[in-house]
Each structure stands twice: as C-alpha cells, then as structure tokens.
S.K.: 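Can you read through this structure? Questions will come right after.
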Amino acid sequence: MVEIKTDAALDAMREAGRVVAEALDTVRGAAAVGVRLRELDEAARTVLREAGADSPFLGYRPDFAPVPFPAVICASVNDAIVHGIPDGYRLRDGDLVSIDCGAVVDGWVGDAAVSFTVGTPRPEDQRLIEATERALAAAVEAAVVGARMGDIGHAIASVGRAAGYGIPADFGGHGIGRRMHEDPPVPNEGRPGRGFPLRHGLVLAIEPMFLAGGSDDYLTDHDGWTLRTTDGARAAHSEHTVAVTEDGPRVLTVR
Ligand code: MG
Ligand code: MG
C-alpha cells in the first residue's frame, strides 16, 4: 500500500533528511587513507545521537539477512555495491567508498547515500561516481506530479547505459515514510510514461547504483549482506529521499 504524506509529514521528514545529510557530510569528512570503516560508523552514530535521531539501519533484518545489520551506515568499498558492513578495514589510497545512511526523527525516516574516493582518485572512478550523481539529478527532475515511475527509472538507466555501466535489476529505490522501505518500488530502469503515477505527497528514496564493468550481475558476500560485482569491477551509489510536490521535487536529504 502506498502512503501519501501530508504537508506536515513532509516537513517532519525534512528534519530526518537533514540529519542524514549531516551524518553523510561528517563521514565523508572523516574518511581518509588509514581510517577504519568502523570509525566512520562511529562518526555517524555521534551525529545521530547528538541530533536525537535513531537509526533505521541498526538491527534491521529483512528476510534475506542472516543477522541483523550491525551499524548505522552501510560502507561499500570498491567492488562492493551496497549493504557493506563497516568493519575493521582500513581505507587505502584510491579506494572508492559508498556510504549509505538513514535517520529516524519523530518517527519519520530519511535515507541517502553518497560515493567518493579517498586519497588519489582514479579518473574512471570519478567518471563512475559522477554518472550516478547525474543519474540521480535526472531522476529527481523526473519526479514531478503527473509523471510516472517509469520516467524515473528511464532517467537513471539512460545515463548509466549510455556510459556502458551495469545496473543490477533487483535493487533500487523505494517509497519511504514511517518505515524505511515502503511501496512503491523505484526501479533503476523503466519505460517512460509507464508505472505508478506520481502525485503530491509521494515520498521516494531514489538510488541509482552503477557497475563499472558493464555487467548487471552481482553476488552476495559470505557475510550475507554485502552485494558485490561478480567481475570485481567497482560500483558507485547515490541516493536522496525526495518528495513529489505540486511545487516540484523536494529533496529532503540535503543540508
Ligand atoms: Mg539508503
Ligand atoms: Mg534506500
């Protein structure tokens, strides 16, 4: 069931989104060669705690997961696409890191992700990251009253496919509100003019993820959480929580 949010709910979700944005900025600022992923999680925990926010990630256990998620961020490095567990791994020069973070404020959830490099970036990684950001921007622009879900997926896939990147079919965005994952699903590919009609008060987490090797294939790590490319190619992921409104798309997870 799709829940359409009131304007008051959109304002409340904006507060959750602000905390997510701050946590992601803090993590990005803390990420450097030699820093452990676990330290990045601790940095995000501090932001959430000081904001009085809870984490929708910590303890989350969907059907596929063998154990509850143990952290407040996902940290996915290089060939990890999404859902990486922040552990004792120390960041190395040139790593491509994708950080996903959520926050719950007054019962409303925000969800966003960013990819970046640490140390000396490889040009191909910068292109990959820039493509996910461009795809996200195009998808946000497509999230207008009267459009359909397929317009969002089409906007994302047009950028990714033109660049020759892979797009995993089984993972994408989602409705969001009092729960992190709500209906409707927001696929990263779609046919223009098809699918769920977008209307005022619909809130979506839009999250393109591109695989540099060009294959759409992925596998699940032995930890039961981390999704990786099958060819070892690197992946990038960008996400915002976005409200569809009569005044145009409202990105809730910016500072
Ligand atoms: Mg997310
Ligand atoms: Mg999400």
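Counting starts at 1 for both ligands and their atoms, following the listed order.
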S.K.: Could you check whether Glu189 pairs with Arg161 (Lys NZ or Arg NE/NH1/NH2 to Asp/Glu carboxylate O, under 4.0 Å)?
M.R.: yes
S.K.: Any N/O/S of His181 under 2.8 Å from the Mg ion (ligand 2)?
M.R.: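 No, outside the cut-off.
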S.K.: I'd like the atom name of the N/O/S atom in Asp111 lying closest to the Mg ion (ligand 2).
M.R.: OD2
S.K.: Quick one: do Ser98 and Ser76 satisfy side chain to side chain donor-acceptor pair (under 3.5 Å)? Show the steps, please.
M.R.: CA-CA 5 Å; Ser98 300; Ser76 308; 5.8 Å; no
S.K.: Ring centroids only, cut at 6.0 angstrom: are Tyr60 and His181 within range, meaning strictly under it?
M.R.: yes
S.K.: Which angle, to the nearest 10 degrees, do you find at the Mg ion (ligand 2) between OE2 in Glu239 and OE2 in Glu207?
M.R.: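 Rounding to the nearest 10 degrees gives 90°.
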S.K.: Restricting to N/O/S atoms, is Asp100 within less than 2.8 Å of the Mg ion (ligand 2) or not?
M.R.: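 Short answer: no, not a single N, O or S atom is under the cut-off.
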S.K.: Ile176 and Ile206: same hydrophobic cluster, using ILVMFWY side-chain contacts below 4.5 Å?
M.R.: no
